[in-house]
Amino acid sequence: METSKRSGCDASVLLSDTASFTGEQGAAPNAGSIRGMNVIDNIKAQVEAVCTQTVSCADILAVAARDSVVTLGGPSWTVPLGRRDSTMASLSLANSDLPPPSFDVANLTANFAAKGLSVTDMVALSGAHTIGQAQCQNFRDRLYNETNIDTAFATSLKANCPRPTGSGDSSLALLDTTTPNAFDNAYYRNLMSQKGLLHSDQVLINDGRTAGLVRTYSSGSAQFNRDFRAAMVRMGNISPLTGTQGQVRLSCSRVN
Ligand code: HEM
C-alpha cells in the first residue's frame, strides 16, 4: 500500500473518513459541498454487477463528468481510461491544492499551472460554473464588499445571504442564474454583465490575460466547447495512478 499521496485523479475524494486517515470531504474547499455520492455508488454497483473489479472509481468519475455535460447540452469528448483508485486520502493536500473562491487571476493561474494547466484551460474550465450552486459563505464577501457586481443581482442574493457571518452560511445560490440547467456559455455572458457569483469568477474579466477569452466565449459557444473538452482531458490526466499502482475499489467510499 502506498504511504504517500499526490493530488490527482485517483478518486480519493470519494473515500469516507477511517481510523487511519481523515478523508477529503471535510477539507475547507469541499466543506458542505461534496454531494451526489449516492449517484456514483449506484453507477459503481451496476458496473460491478456486470464486470467485477475492472472499472475504477476514478474512471467512473471522469466518464460521469463527461456524460453530465453532454446530458445538459454541452460538448462531448473521448475520456482516456485506465486510472486506478488511491488507497488513501489526504486532507492536507485537498486543503493546499484546491483553489478557494477568494483567489485573483494571478493566484488562479499559479494554482492551475502547478497542475500543468494553462490560462486557457483555467478560463474554459471555470465555464463549468454554468451549472450548480454555491453556499453563501463562498460569495458573501463579494456581495457586501465588491463594486463590480450588478446592483439588482446583488440585492436579490442578499435576501438569502445576510451579512453577519454565521447566519445563512450554507444557503445556496445558482452559479448561473440565466440558464442554470444548461451547459452553455451563459456563465461568460453573466461575467460581461457583472453577474458572476464568485469573486474567482468575476475577476476573469479584470485581467488582460483572461478578459479576451471571456469575451470570445461569451460571443458564441464554438471556441468554448473546443477549449473546454481539451481542458477536461488535460485535467482528467492530472497524476493518475496507472498499471499496478493503487487498486480498483469494490466500493468507491472505502479501500478494499
Ligand atoms: C477556477 C477555480 C475554481 C474555484 C475557485 C471554484 C470554486 C467553487 C466554489 C466555491 C463552488 C461552490 C461550492 C459550495 O459553495 O458548495 C464551486 C462549485 C462548483 N464548481 Fe467550481 N471552482 C473552480 C473551478 C472549477 C472547475 C475546474 C470545475 C469543473 C470543470 C468546477 C465545477 C464546479 C461545479 C459543477 C460546481 C457546482 C457544484 C454543485 O452544485 O454541487 N469548478 N466551485
Side-chain angles (χ1 to χ4, degrees), residues 7-9 13 24-40 61-62 64-72 74-75 77 79 94-143 157 160-161 168-177 179-184 186-188 191 196-207 209-210 213-214 217 224-225 227-238:
S7 55
C9 290
V13 70
E24 299 169 13
Q25 294 170 17
N30 290 335
S33 184
I34 302 289
R35 55 198 174 97
M37 310 288 287
N38 54 323
V39 177
I40 299 298
L61 273 182
R66 189 272 316 276
D67 290 353
S68 304
V69 170
V70 172
T71 301
L72 296 176
W77 60 94
V79 181
N95 276 323
S96 63
D97 289 12
L98 288 168
S102 55
F103 268 10
D104 287 319
V105 171
N107 317 116
L108 289 168
T109 302
N111 178 279
F112 277 66
K115 301 295 170 195
L117 299 176
S118 68
V119 168
T120 301
D121 293 332
M122 191 252 296
V123 177
L125 289 170
S126 295
H129 291 171
T130 180
I131 55 167
Q133 304 175 96
Q135 303 166 75
C136 164
Q137 58 189 339
N138 285 320
F139 59 84
R140 179 188 277 120
D141 286 351
R142 169 159 166 71
L143 289 190
L157 289 165
N160 284 320
C161 187
D169 279 3
S170 54
S171 358
L172 294 171
L174 295 167
L175 283 157
D176 168 10
T177 38
T179 56
N181 298 320
F183 196 99
D184 58 13
Y187 165 82
Y188 300 101
L191 297 186
L197 184 62
L198 305 178
H199 174 83
S200 54
D201 293 325
Q202 196 60 54
V203 292
L204 297 178
I205 66 164
N206 295 347
D207 190 291
R209 288 169 291 180
T210 53
L213 284 166
V214 171
Y217 297 159
F224 167 54
N225 285 344
D227 289 350
F228 185 82
R229 63 161 78 94
M232 282 297 285
V233 171
R234 276 194 281 276
M235 186 170 70
N237 287 343
I238 296 173

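In each ligand, atom 1 is the first atom listed, and ligand 1 is the first ligand listed. Every heavy atom of this structure was used, including side-chain atoms; hydrogens, water molecules and symmetry mates were not.
Residues passing the ring-ring contact (aromatic ring centres under 6.0 Å, His included) test with Tyr217, sequence neighbours excluded: Tyr188, Phe224. Partners of His129 under the side chain to side chain donor-acceptor pair (under 3.5 Å) rule, at least two apart in sequence or in another chain, are Asp201. Take Cys136 and apply the disulfide bond (SG atoms under 2.5 Å apart) test, not counting sequence neighbours, and it matches Cys161.
Put simply, the side chain of Thr120 reaches to within 4.5 Å of the side chain of Leu213, judged on heavy atoms.
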For ligand 1, find each of its N or O atoms that sits under 3.5 Å from a protein N or O atom, and tabulate the pairs with distances to one decimal place.
unit_1	atom_1	unit_2	atom_2	d
ligand 1	15 (O)	Gln135	N	2.6
ligand 1	15 (O)	Gln135	NE2	3.3
ligand 1	15 (O)	Asn138	ND2	2.7
ligand 1	16 (O)	Ser33	OG	2.9
ligand 1	16 (O)	Gln135	NE2	2.7
ligand 1	20 (N)	His129	NE2	2.9
ligand 1	22 (N)	His129	NE2	3.0
ligand 1	40 (O)	Arg35	NH2	2.7
ligand 1	40 (O)	Gln133	N	2.8
ligand 1	41 (O)	Arg35	NE	3.0
ligand 1	41 (O)	Arg35	NH2	2.8
ligand 1	42 (N)	His129	NE2	2.9
ligand 1	43 (N)	His129	NE2	3.0

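Asp104 and His199 share a donor-acceptor pair across their side chains, judged by distance under 3.5 Å alone. Asp121 and Ser118 form a side-chain donor-acceptor contact under 3.5 Å, judged by distance and modelled atom types alone.
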